[in-house]
Structure formats: structure tokens, C-alpha cells
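Written below as C-alpha cells is the structure these notes are about.
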Amino acid sequence: MDASSIIESLNDAQTEAVTAPNKALLVLAGAGSGKTRVLVHRIAWLVKVEQVSAHSILAVTFTNKAAKEMLGRVEDMLAMPARGMWVGTFHSIAHRLLRAHYRDAGLPEGFQILDAQDQLRVIKRVMKELNLDDNEWPPKQAQWFINAKKDDGLRPGNIQHHGDFFVSTMVKVYYAYEEACKTAGLVDFNELLLRAYELWANNPHLLKHYQERFQHILVDEFQDTNAIQYAWIRLLCHEGNRITIVGDDDQSIYGWRGAKIENIQQFENDFPDCKISRLEQNYRSTSTILKAANAVISYNSDRMGKSLWTEGNEGEPITIYSAFNEQEEARFIAARIEDWVQQGNSYNDIAILYRSNAQSRILEDAMLNRNIPYRIYGGLRFFERAEIKDTMAYLRLMTNRDDDASFERVVNTPARGLGEKSVDLIRAKAREDETSLWQAASKMVVDQLLPPRARTAMAGFLHLINELDSSTKEVDLWEQTEVVIEHSGLMDKVSKEKGEKAQARKENLQELVNATREFDPDEMIPEETPDMTPLMAFIAHASLEAGDTQADEYQESVQMMTLHSAKGLEFPLVFIAGMEEKLFPHQMSLDEPGGLEEERRLAYVGITRAMQQLYLTHAEKRRMWGRETYPSVSRFISEIPAELMTEVRLNTQVQRPVFQKQSPIKRKGPEGFHLGQLVQHPKFGKGIIINYEGEGPQASVQVNFEKEGLKKLMLAYAKLEPSS
DNA sequence: ACCACCTGTTATTAT
DNA sequence: AACAGGTGGT
């Protein structure tokens with residue numbers, strides 16, 4: 001087999017990693033060093049050269065996007081489908097295992113996944129039943145508590161509360177929540193991981209089966225694994241297996257959801273003869289961008305140590321822009337985007353990154369104003385929209401009548417006369433009988449335990465679900481969905497609403513039908529669960545991949561997303577907006593131990609997304625939660641060496657005193673001039689220095705004159721004088 | 001029981 | 001600024 005084709009395009013370090021014969025391989029891969037490439041090529045190497053069966057390979061990633069990309073690239077290299085190979089996120093793989101072995105995992109066959117929204121609803125209900133006042137005991141806090149415990153692999157019985165009132169109350173909620181999930185056949189995200197772990201830990205024969213099957217384990221983004229994920233990998237990794245992990249401690253940005261950077265060090269301890277391979281050559285960014293990233297991250301302590309370098313050219317300086325306010329910041333970005341495209345470049349090259357989703361609105365407005373096509377990732381995603389969740393709730397009930405979360409959601413949506421009172425009666429009955437709401441409701445209808453009106457309405461609802469289910473057993477998924485949208489009355493309800501949003505909702509429902517049409521069940525139903533219906537597969541897909549926010553995937557567009565979701569991506573032109581203290585680094589993280597360092601890693605991730613040009617923008621005035629704030633410039637900007645940056649200040653259409661403020665970045669300019677300095681010119685009058693380049697006789701400055709606007713002047717000739 | 005309107009609260013990051 | 005939850009009228 002031709003080995004050279006797999007390694008010919010790789011550098012020495014990459015080749016070493018791809019071909020390593022070791023049992024355990026740890027690849028410390030800096031940003032832009034070809035991490036995914038190494039993984040893809042290593043899989044190809046295993047299959048083509050070492051003649052390993054794809055069937056014995058397990059590759060784990062952190063996002064569905066990454067999984068899809070990896071599989072696609074592997075198949076391209078192999079020039080054939082990688083049949084039998086498991087590639088997916090920890091969550092999707094855990095889900096797959098639990099479906100295949102639901103009995104051993106102690107789950108009902110039709111168990112369903114609870115997303116964060118659903119989870120919070122269930123917790124709220126449970127807390128209400130425990131008579132916990134939700135002002136004193138915010139449900140969000142309980143949600144956070146439960147998830148954090150699950151991240152660490154702890155069941156309520158394993159939590160020591162030492163008489164602490166807070167902890168013991170939370171544990172009570174945790175117990176009750178578990179009970180609620182159990183009767184309803186619901187599994188939250190973290191439960192997927194924890195159950196999958198327990199499945200193996202408690203069933204040695206199953207574990208043995210998978211240990212023997214997965215001779216080759218590869219894990220991407222290892223710095224993002226949490227305790228339970230690591231434990232799960234450790235279980236699977238048996239003496240005979242080979243394991244490759246790839247990670248970068250400087251890009252660990254998920255500590256808040258339980259990720260442990262220490263897992264990388266732990267790996268070295270657990271696999272003492274593991275080979276460590278470092279990828280330090282960056283192929284992505286200009287040296288300027290890389291230097292800036294290295295400088296920022298160097299402010300962190302406790303790094304594993306790694307020095308990224310590049311053969312790339314210096315490129316453009318990093319541009320800092322101080323906007324008057326957030327609108328103007330957005331307009332500035334839009335204008336730069338137009339410049340970029342006018343120079344013959346593509347919208348696809350561009351990303352706008354921000355710390356929090358709330359920032360996307362204003363940026364979005366600016367794009368709309370200038371007719372710049374854009375695509376927002378994150379925020380409220382498709383499968384999280386109310387009308388979509390409603391429809392999914394019907395579909396879920398059709399699959400699993402005991403799904404209490406879905407039952408509660410749609411029992412009175414659209415309104416059918418089953419108000420809070422009636423549902424309370426059902427809830428009480430369910431609690432009494434220790435059954436699901438569906439079963440309680442059925443019993444009460446039969447036993448005539450409800451007031452006549454409610455009884456009729458409830459009977460109607462139960463019948464509707466049964467009817468939807470039985471009448472669509474034989475039809476395609478998309479038709480099934482269409483029938484549900486029509487017969488449930490959801491379409492009618494949405495059609496009757498007025499306003500712009502109603503139209504969008506209608507379109508979303510239409511879009512859902514399209515999504516089911518495009519959904520390929522053959523691809524999504526794993527070999528080991530052939531009984532899975534296309535509907536079940538679709539529901540799982542909807543829960544595990546909330547879906548992107550917008551359609552039009554094929555149109556060229558600017559990509560807008562949070563810094564977190566930008567990890568793993570790269571763009572020639574990158575804007576990072578909102579470089580302000582308390583926004584980035586975020587206030588919330590400043591209060592947490594280690595929070596600032598994680599924010600700094602996030603800054604590192606952001607900076608290293610840029611290939612050619614990077615803009616860092618901030619606003620001097622920003623509206624936050626309705627109030628005006630005057631944030632100071634993010635410390636991360638001051639951590640970048642001044643010689644790598646240039647600051648622009650434009651005289652924009654915003655009405656304000658032009659020479660209002662000194663720039664926060666103070667740099668020495670040539671011949672005693674500096675950025676932001678006011679100057680006087682014999683012909684052009686008063687102006688402010690916004691940029692300069694070159695030294696000595698070559699030095700030139702860019703000045704924004706009050707009257708004449710932007711001018712570029714050679715310092716040697718222009719008779720510029722400082723002014724006040 | 002339902003709807004419209006008002007009020008208080010609340011925005012980090014996400015599988 | 002936006003949304004969930006609560007209040008009061010029908």
C-alpha cells in the first residue's frame with residue numbers, strides 16, 4: 001500500500017505523530033499546527049498502511065461539526081466510505097451505546113434526551129413539588145449543581161453534605177429530579193455520559209466486547225474532557241488498545257462545564273510510556289498574529305509550555321479600533337467588510353467573533369443595513385425555537401407516552417381547555433401512583449376523576465396523540481411531521497398570530513418538514529439498533545444537534561459566532577468585537593478562581609483564528625442591560641506588544657466632539673508624534689494622527705483633518721506641528 | 001380558562 | 001432590551 005501519499009504533505013513532527021507505532025500517543029498541538037490533519041492522516045495511515053479495519057476505530061470529537069468534517073476527510077483520503085468506524089461526539093457515542101444496550105443501562109426502550117431548556121423545566125417542577133420557593137432557591141442554581149455533580153460522576157448518594165443546608169437541599173432536588181427523569185424515561189446531556197460510563201463499569205462483559213472491538217481510540221480536543229469522559233476512556237482503553245489523544249492546554253475553554261486540563265497531565269501518568277509529540281509550527285497565521293497570540297497567552301502561568309512559530313510572513317499589523325459606541329463599532333466592522341469584498345475577496349473569508357451571544361444583535365443590524373450576507377451560529381438555534389419544540393414534543397409523545405416533559409409542554413398547546421388546575425390534578429395523581437403524567441391522565445379519564453369539561457378535553461388530547469401515532473405508522477417521516485403540524489393545531493395557532501414573528505414561525509414549521517425530508521435515516525440509524533424508527537433517529541438528532549440558526553448554507557456569507565464556537569475554525573479576516581473589561585474578560589469569570597486565565601485562553605483562541613488580518617474593536621460607550629456603561633479597554637489588548645498593533649480612529653458620521661478622548665493605547669510615534677495627537681498643518685488645518693508607518697525619512701503619517709478628512713503625509717515634507 | 005397587558009427579573013460561554 | 005411569569009379583565 002502506498003504510504004507516501006499519506007505522509008508526503010506533512011512536516012516531520014506531523015509525520016512522526018501520524019506514523020507513531022506507540023500504544024499511547026499524546027499530541028500537543030498548538031493552534032493552526034495541523035491538528036485535525038494529523039488525526040485524519042493517522043486514521044488513513046492505520047487503515048491503509050497498517051491494514052487496520054475501520055470497524056476497530058473509535059474517534060471522538062467535541063462538536064458534531066468536527067465529527068462530520070473528520071469523517072468526510074477520512075473518507076476522501078481513503079476514497080471509500082469508512083464503514084464500521086465510530087466517529088462522533090462523546091454525547092452521540094454515549095447515546096449510541098445506550099440505545100444499543102438500553103436494558104443493561106436501566107433505561108426504557110424509548111428513552112429520550114432532555115436538552116438544557118427541558119431540563120430546567122423539569123427541575124422547576126420538581127422544586128415546586130418540594131415546596132422550595134424559587135426566589136430563595138433559583139432553579140438555575142439547582143440545574144448548575146446537578147450538572148456539575150454529574151460532570152464529576154457523582155450521584156446524589158455520593159455527595160457529602162456534612163449537614164450543610166444548601167448542599168443537602170440541592171441533593172434532595174437531585175434525588176427528586178432523578179426520580180422524575182426515571183418515570184418519564186428522560187436522560188439529560190450529562191446523564192448520557194454518566195450512564196454510558198456506568199454501563200461499562202457495571203457490565204464487564206459489555207466493556208470487554210468494546211475493548212476488543214475498539215483497538216484504536218482517538219480523542220480530539222482532549223483538554224476539554226471532563227472527569228467522567230476521562231474515566232470512560234480509561235475504562236475502554238485496555239492493555240491491547242492503542243490510543244491517540246490530541247490537545248492543547250492553551251485552548252482549554254470549557255472549564256465551566258467540568259473540563260479538566262489536568263487530564264492531559266493525568267494521561268501522561270496513566271500511560272507512562274506514552275509518546276509525546278509536539279506540533280509547534282503554525283501554518284495558519286501571519287507572524288504578527290502569532291506573536292500577539294503568544295504574547296497574550298504568556299501571561300498565564302502553569303502552562304505545559306509550547307512555542308508556536310511560523311515561516312509565514314509578517315503580514316499586516318493588528319488593527320485596534322475604538323468606537324464611540326456599539327453601533328458605531330458594528331458600522332466600522334461592516335465598512336471594513338465592504339472594503340475587503342471590494343478588493344475581490346469573499347464574504348466566506350470573514351468571521352466576526354464576540355464573547356457573548358447578546359452582542360450579535362447589533363452586529364446583525366449593521367450587516368442588514370449594508371446588505372452584507374451573514375450567518376449567525378449559536379444563540380437560539382433551530383431546534384430550540386418554541387414552535388419547533390412544540391412539534392417535537394408531539395413527535396416525542398408519539399414515540400414515548402411517558403415523556404413527561406413533552407406532555408407538560410403540549411397538553412394545552414394549542415389551548416384546549418386544560419389549564420393549570422386540570423394539569424395539577426394530573427400531576428397529583430401521577431405522584432400518588434408513581435407513574436407518568438400520561439398514565440395518570442389515562443386513568444383519570446377512564447375512572448372519571450376529572451371535571452366533565454377537562455375530562456372531555458383530556459380524552460381528546462390522549463386520543464389525538466394515539467391517533468397521530470397509529471395513523472402515521474406507515475408513512476414517511478416528513479409526511480408524519482406534516483400531519484402532526486396540521487392535526488395538532490399548531491399550524492392553525494401560528495397562523496392566527498399576528499406580527500412579523502408569526503410569519504417566521506410559520507416558515508420554521510415549514511422548514512421542519514424540509515429538515516425531515518432531508519434527514520437520511522439510513523445514515524443515522526446505527527447498525528446495532530436496526531429497530532430504531534426514522535422518527536426516533538430524528539428526535540435524537542434534533543436533541544443532540546440543536547442545528548444551526550439559519551439556512552442558506554450555500555450563500556457566501558460572513559460568519560458571526562461566539563469565541564467559544566469559533567474554536568477549530570480559521571478565517572483570513574477576523575474581527576473580535578467588544579474588547580472591553582467586564583465583557584471580555586467577562587465579569588462573571590473574573591469572580592471565579594482561574595476564570596481570568598480561562599478568559600485569556602479564550603482570547604488566545606480568538607486571535608489564532610485569524611490567518612491574514614485581525615481587528616480588535618471596542619466601544620467607549622456600551623448599553624448593557626439597558627444602562628449606559630463606559631467600559632475600559634480589555635487588558636488583553638494591552639498584553640499585545642505595541643509594535644504589532646496599529647490604531648485607527650475614523651471621523652465617522654456620528655455626531656460627537658472629534659477630539660474628545662486620548663486613545664487608550666499610547667504609543668510613541670516617530671519624531672515625537674503619537675497616535676491620537678492633534679496636529680496643525682499649514683494647508684489642511686487641524687487634524688488628528690490616526691496611523692503612521694515607516695521610520696526616519698520614510699516615515700509617513702495618516703491624519704484625519706477636521707475639514708479635509710483623511711490624508712497620508714510624508715513626515716519629512718509635511719510641515720506638521722503639534723497643536724492643542 | 002384564556003388572553004392581553006404589565007411587571008419584575010435578568011444576560012457567559014454549550015453538548 | 002427581552003423575556004418569563006403574574007395580574008386582571010373577559
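All figures in this text were calculated on a predicted structure; none of them were measured in a lab. Below, read A as the first sequence line, B as the second, and so on, with proteins coming before strands; counting in each chain starts at 1.
- Stacking between W256(A) and dT13(B) is shown: the ring centroid lies under 5.5 Å from the centre of the six-membered base ring, and the planes differ by under 30°.
- Listed nucleotides: dT15(B), dG5(C), dA14(B). Nearest to the side chain of K124(A): dG5(C).
- For the segment residues 594-601 of chain A, the set of residues with a heavy atom within less than 4.0 Å of an atom of DNA chain B is empty.
- Note: CG (D151(A)) to C1' (dA14(B)) measures 12 Å, nearest angstrom.
- Considering only the side chain of S565(A), dA14(B) comes nearest among dA14(B), dT15(B), dC2(B).
- Straight-line distance between the P atoms of dA4(C) and dT13(B): roughly 15 Å, to the nearest whole Å.
- The separation between E384(A) atom CD and dT13(B) atom P is 12 Å, rounded to whole Å.
- A straight line from NZ of K493(A) to P of dC2(B) spans 12 Å, rounded to a whole angstrom.
- When the side-chain nitrogen and oxygen atoms of R381(A) are compared with OP1 and OP2 of dT15(B), one or more of them lie within a distance under 4.0 Å.
- In this structure a side-chain-to-backbone donor-acceptor pair under 3.5 Å is present from Q143(A) to A116(A).
- The NZ atom of K128(A) sits 6 Å away from the P atom of dG6(C) (whole-angstrom rounding).
- Within the 4.0 angstrom heavy-atom criterion, only backbone atoms of the sugar-phosphate kind lie near N412(A); the bases stay farther away.
- Of the two residues near DNA chain B, N135(A) and L193(A), the one whose nearest nucleotide lies more 5' is N135(A).
- Within the 4.0 Å cut-off from OP1 or OP2 of dT13(B), not a single side-chain nitrogen or oxygen of S589(A) is found.
- If you check the side chains of E599(A) and S589(A), you find a donor sitting under 3.5 Å from an acceptor.
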Between side-chain atoms of residues 224-231 of chain A and protein atoms elsewhere (two or more places apart, or another chain), which donor-acceptor pairs fall under 3.5 Å?
{"unit_1": "D224(A)", "atom_1": "OD2", "unit_2": "K567(A)", "atom_2": "NZ", "d": "2.3"}
{"unit_1": "T225(A)", "atom_1": "OG1", "unit_2": "F222(A)", "atom_2": "O", "d": "2.7"}
{"unit_1": "T225(A)", "atom_1": "OG1", "unit_2": "N263(A)", "atom_2": "ND2", "d": "3.0"}
{"unit_1": "N226(A)", "atom_1": "OD1", "unit_2": "I228(A)", "atom_2": "N", "d": "3.1"}
{"unit_1": "N226(A)", "atom_1": "OD1", "unit_2": "Q229(A)", "atom_2": "N", "d": "2.8"}
{"unit_1": "N226(A)", "atom_1": "ND2", "unit_2": "D151(A)", "atom_2": "OD1", "d": "3.1"}
{"unit_1": "Q229(A)", "atom_1": "OE1", "unit_2": "N226(A)", "atom_2": "N", "d": "2.8"}
{"unit_1": "Y230(A)", "atom_1": "OH", "unit_2": "F267(A)", "atom_2": "N", "d": "3.4"}
{"unit_1": "Y230(A)", "atom_1": "OH", "unit_2": "D270(A)", "atom_2": "OD2", "d": "2.7"}

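- The side chain of S422(A) approaches dA1(B) more closely than any other nucleotide in the set dT13(B), dT15(B), dA1(B).
- Counting non-hydrogen atoms under 4.0 angstrom, F90(A) reaches nothing in the nucleic acid.
- For the pair L194(A) CG and dT15(B) C1', the interatomic distance rounds to 15 Å; values are reported in whole Å.
- Closest approach to the N357(A) side chain among dA1(B), dT13(B), dT15(B) is made by dT13(B) (side chain taken as heavy atoms from C-beta onward).
- Nucleic acid contact for R361(A): sugar-phosphate only, since backbone atoms but no base atoms lie under 4.0 Å from a heavy atom of the residue.
- Applying side-chain contact (heavy atoms from CB on, under 4.5 Å) to D390(A) and the options L509(A), T413(A), V494(A) leaves one that passes, T413(A).
- Atom pair Q229(A):CD and dA14(B):P shows a separation of 16 Å (rounding to whole Å applied).
- Counting non-hydrogen atoms under 4.0 angstrom, E592(A) reaches a base of the nucleic acid.
- The side chain of Y254(A) has dA14(B) as its nearest neighbour among dC3(B), dA11(B), dA14(B).
- Checked by atom type and distance alone, the side chain of Q119(A) never pairs as donor or acceptor with a backbone atom of D115(A) at under 3.5 Å.
- Rounded to an integer number of Å, the gap from E420(A) CD to dA1(B) P is 9 Å.
- Of all nucleotides listed (dA11(B), dT15(B), dC2(B)), dT15(B) comes nearest to the side chain of H91(A).
- Without hydrogens or angle criteria, R121(A) side chain to R409(A) main chain gives no donor-acceptor distance under 3.5 Å.
- Of the two residues contacting DNA chain B, namely A454(A) and W144(A), the nearest-nucleotide position lying further toward the 5' end is that of A454(A).
- Taking the six-membered ring for Trp and thresholds of 30 and 60 degrees, W137(A) and F166(A) have nearly parallel ring planes, at less than 30 degrees apart.
- Note: F575(A) and Y615(A) have parallel aromatic rings, judged against thresholds of 30 and 60 degrees for the angle between ring planes.
- dT13(B) atom C1' lies 8 Å from atom CG of L602(A), rounded to whole Å.
- If you check dA11(B), dA4(C), dT15(B) against the side chain of K140(A), the one that comes closest is dA11(B).
- Comparing dA4(C), dC2(B), dT15(B) by their nearest atom to the side chain of F189(A) picks out dT15(B).
- With hydrogens and angles disregarded, a donor-acceptor distance shorter than 3.5 Å links the side chain of R416(A) to the backbone of V411(A).
- In this structure, of dA11(B), dA14(B), dA4(C), it is dA11(B) that holds the atom nearest to the side chain of A358(A).
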